[in-house]
Novice: 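Dropping a structure here in structure tokens format, bear with me for questions.
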Amino acid sequence: QVQLVESGGGLVQAGGSLRLSCAASGPTFGRLSMGWFRQAPGKEREFVAASRWSGGNTYQPVYADSVKDRFTISRDYARNTVYLQMNSLKLEDTAVYYCAADANSAAVSSTPNYWGQGTQVTVSS
């Protein structure tokens with residue numbers, strides 16, 4: 001069983017930055033593919049970014065078009081933690097952000113098995 005705990009959300013002005021963290025516990029972190037999703041009020045949950053395990057110590061980052069070149073996903077193996085660095089934040093980035101994980105690298109960006117509780121990110125004008 002994988003447990004995920006997010007942190008780092010908050011209120012930020014448009015154009016600012018935030019870094020979200022997701023601490024994972026359970027099976028070997030290094031073999032998990034990790035991802036981030038978000039859900040804005042009245043909208044469906046959508047994929048944001050993923051770090052797909054592709055064997056050994058190789059991970060492939062994948063981003064939604066809406067966040068490409070603004071958000072960066074990274075991993076800290078010593079802390080079993082994945083990060084989402086969010087720069088140049090826009091009003092439309094306001095949402096609850098969820099960490100996700102799956103042993104299947106393809107599933108992590110669509111239907112991951114494991115979810116965190118979510119952390120609120122609010123971007124103000």
Side-chain angles (χ1 to χ4, degrees):
Q1 189 75 8
V2 176
Q3 293 182 330
L4 305 172
V5 179
E6 303 102 332
S7 61
L11 175 65
V12 64
Q13 286 191 325
S17 298
L18 275 177
R19 188 179 77 162
L20 305 183
S21 302
C22 174
S25 61
T28 306
F29 175 72
R31 296 176 184 172
L32 282 177
S33 292
M34 306 289 295
W36 290 94
F37 288 71
R38 67 186 182 187
Q39 187 167 19
K43 295 188 177 181
E44 293 187 353
R45 191 175 298 187
E46 65 175 0
F47 169 74
V48 174
S51 173
R52 292 176 173 168
W53 183 57
S54 54
N57 292 324
T58 304
Y59 302 88
Q60 179 187 13
V62 181
Y63 300 96
D65 288 343
S66 59
V67 306
K68 202 172 293 183
D69 299 326
R70 298 190 298 122
F71 291 10
T72 302
I73 190 169
S74 61
R75 303 170 75 121
D76 184 331
Y77 311 104
R79 292 179 170 84
N80 282 6
T81 298
V82 64
Y83 302 100
L84 185 68
Q85 178 66 44
M86 305 185 294
N87 298 329
S88 302
L89 282 161
K90 304 176 180 179
L91 297 178
E92 53 264 41
D93 293 319
T94 295
V96 177
Y97 283 71
Y98 296 90
C99 181
D102 203 293
N104 184 317
S105 62
V108 75
S109 56
S110 56
T111 55
N113 272 325
Y114 305 103
W115 293 91
Q117 293 298 308
T119 186
Q120 176 71 46
V121 172
T122 302
V123 184
S124 65
S125 58

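Just so it is clear, the values below take in all heavy atoms, side chains as well, and ignore hydrogens, waters and symmetry mates.
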Novice: Could you list the donor-acceptor pairs under 3.5 angstrom formed by side chains in residues 4-14, with sequence neighbours left out?
Specialist:
from : atom 1 : to     : atom 2 : distance (Å)
Glu6 : OE1    : Gln117 : N      : 3.0
Glu6 : OE1    : Gly118 : N      : 2.9
Glu6 : OE2    : Cys99  : N      : 2.8
Glu6 : OE2    : Gly118 : N      : 3.1

Novice: Nearest 0.5 Å, what's the CD-NZ distance between Glu92 and Lys43?
Specialist: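 Atom-to-atom, Glu92:CD and Lys43:NZ are 8.0 Å apart.
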Novice: Specify the closest pair of heavy atoms between Met34 and Ala101, including all atoms of both residues, with the distance to one decimal.
Specialist: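 For Met34 versus Ala101, the nearest heavy atoms are SD-CB, 3.6 Å.
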Novice: Identify whether Leu18 and Val96 are in the same connected component of the hydrophobic contact network (ILVMFWY, side-chain heavy atoms under 4.5 Å).
Specialist: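 Different hydrophobic clusters.
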Novice: Find the distance between CD (Gln1) and CG (Asn113) and round it off to the nearest 0.5 Å.
Specialist: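 One gets 9.0 Å once the value is rounded to the nearest 0.5 Å.
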Novice: Would you say Arg52's side chain and Ser105's backbone share a donor-acceptor pair under 3.5 angstrom?
Specialist: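 Flag set: sc Arg52 to bb Ser105 pair under 3.5 Å.
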Novice: Pick out which of Asp76, Thr81, Val82 makes a side chain to side chain contact (heavy atoms under 4.5 Å, CB included) with Ser21.
Specialist: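 Checked Asp76, Thr81, Val82 against Ser21; only one passes side chain to side chain contact (heavy atoms under 4.5 Å, CB included): Thr81.
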Novice: Going by an N to O cut-off under 4.0 Å, is there a salt bridge joining Asp93 and Lys90?
Specialist: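 Judged by the 4.0 Å cut-off on N to carboxylate O distance, Asp93 and Lys90 do not form a salt bridge.
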Novice: Under a 4.5 Å cut-off applied to non-hydrogen side-chain atoms, are Glu46 and Arg38 in contact?
Specialist: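 Glu46 vs Arg38: side chains touch.
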Novice: With the side chain counted from C-beta on, respond yes when Ser51 and Ile73 share a heavy-atom pair under 4.5 Å apart, and no when they do not.
Specialist: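 In contact.
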Novice: Using 0.5 Å steps for rounding, measure from the CG atom of Leu32 to the CG atom of Asn104.
Specialist: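 Leu32 atom CG to Asn104 atom CG measures 11.5 Å (nearest 0.5 Å).
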Novice: Atom CE of Met86 and atom OG of Ser17: how far apart are they, to the nearest 0.5 Å?
Specialist: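 Here the interatomic distance stands at 8.5 Å.
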Novice: When you measure from the centre of the six-membered ring of Trp53, is the NZ or CZ of Arg75 under 6.0 Å away and within 45° of the axis?
Specialist: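 Verdict for Trp53: no cation-pi partner in Arg75.
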Novice: Could you grab the distance from atom OG of Ser88 to atom CZ of Phe71, nearest 0.5 Å is fine?
Specialist: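 Going from OG on Ser88 over to CZ on Phe71, the span is 9.0 Å.
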Novice: Hydrophobic cluster membership, with links at side-chain heavy-atom distances under 4.5 Å among I/L/V/M/F/W/Y: are Val48 and Leu20 in one?
Specialist: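 Yes; tracing contacts between hydrophobic side chains, which count when under 4.5 Å, links both residues.
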Novice: Report yes or no: does Tyr97 contribute a side-chain atom to a donor-acceptor pair with the main-chain N or O of Gln39 at less than 3.5 Å?
Specialist: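 Not at all, since once roles are kept as given, no pair shorter than 3.5 Å links the two residues.
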Novice: Which atom pair, heavy atoms only, marks the closest approach of Ala40 to Ala95?
Specialist: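 Closest approach of Ala40 to Ala95, heavy atoms only: N-CB, 3.8 Å.
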Novice: If you take all heavy atoms of Val123 and Leu89, which pair is closest and at what distance?
Specialist: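 Shortest heavy-atom contact: CG2-CB, 4.0 Å.
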Novice: Which class fits the ring pair Phe37 and Phe47: parallel under 30°, tilted 30 to 60°, perpendicular over 60°?
Specialist: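 Rings of Phe37 and Phe47: perpendicular, over 60°.
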Novice: Spell out, yes or no, whether Trp115 and Val121 are grouped together once hydrophobic residues are joined by side-chain heavy atoms under 4.5 Å, including indirect joins.
Specialist: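 Looking at the clustering, Val121 is in a separate group from Trp115.
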Novice: Can you confirm if the aromatic rings of Tyr98 and Tyr114 lie within a centre distance of less than 6.0 Å?
Specialist: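 Not under 6.0 Å, so no.
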Novice: Within the side chain of Asn80, is there an N or O that forms a donor-acceptor pair under 3.5 Å with the backbone of Ala23?
Specialist: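 Such a contact is absent between Asn80 side chain and Ala23 backbone.
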Novice: Is it the case that Tyr83 and Arg19 place a side-chain donor and acceptor less than 3.5 Å from each other?
Specialist: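 Distance-only check fails for Tyr83 and Arg19.
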Novice: Going hydrophobic residue to hydrophobic residue with side-chain gaps under 4.5 angstrom, can you get from Leu84 over to Val108?
Specialist: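 Unlinked, Leu84 and Val108 end up in two clusters.
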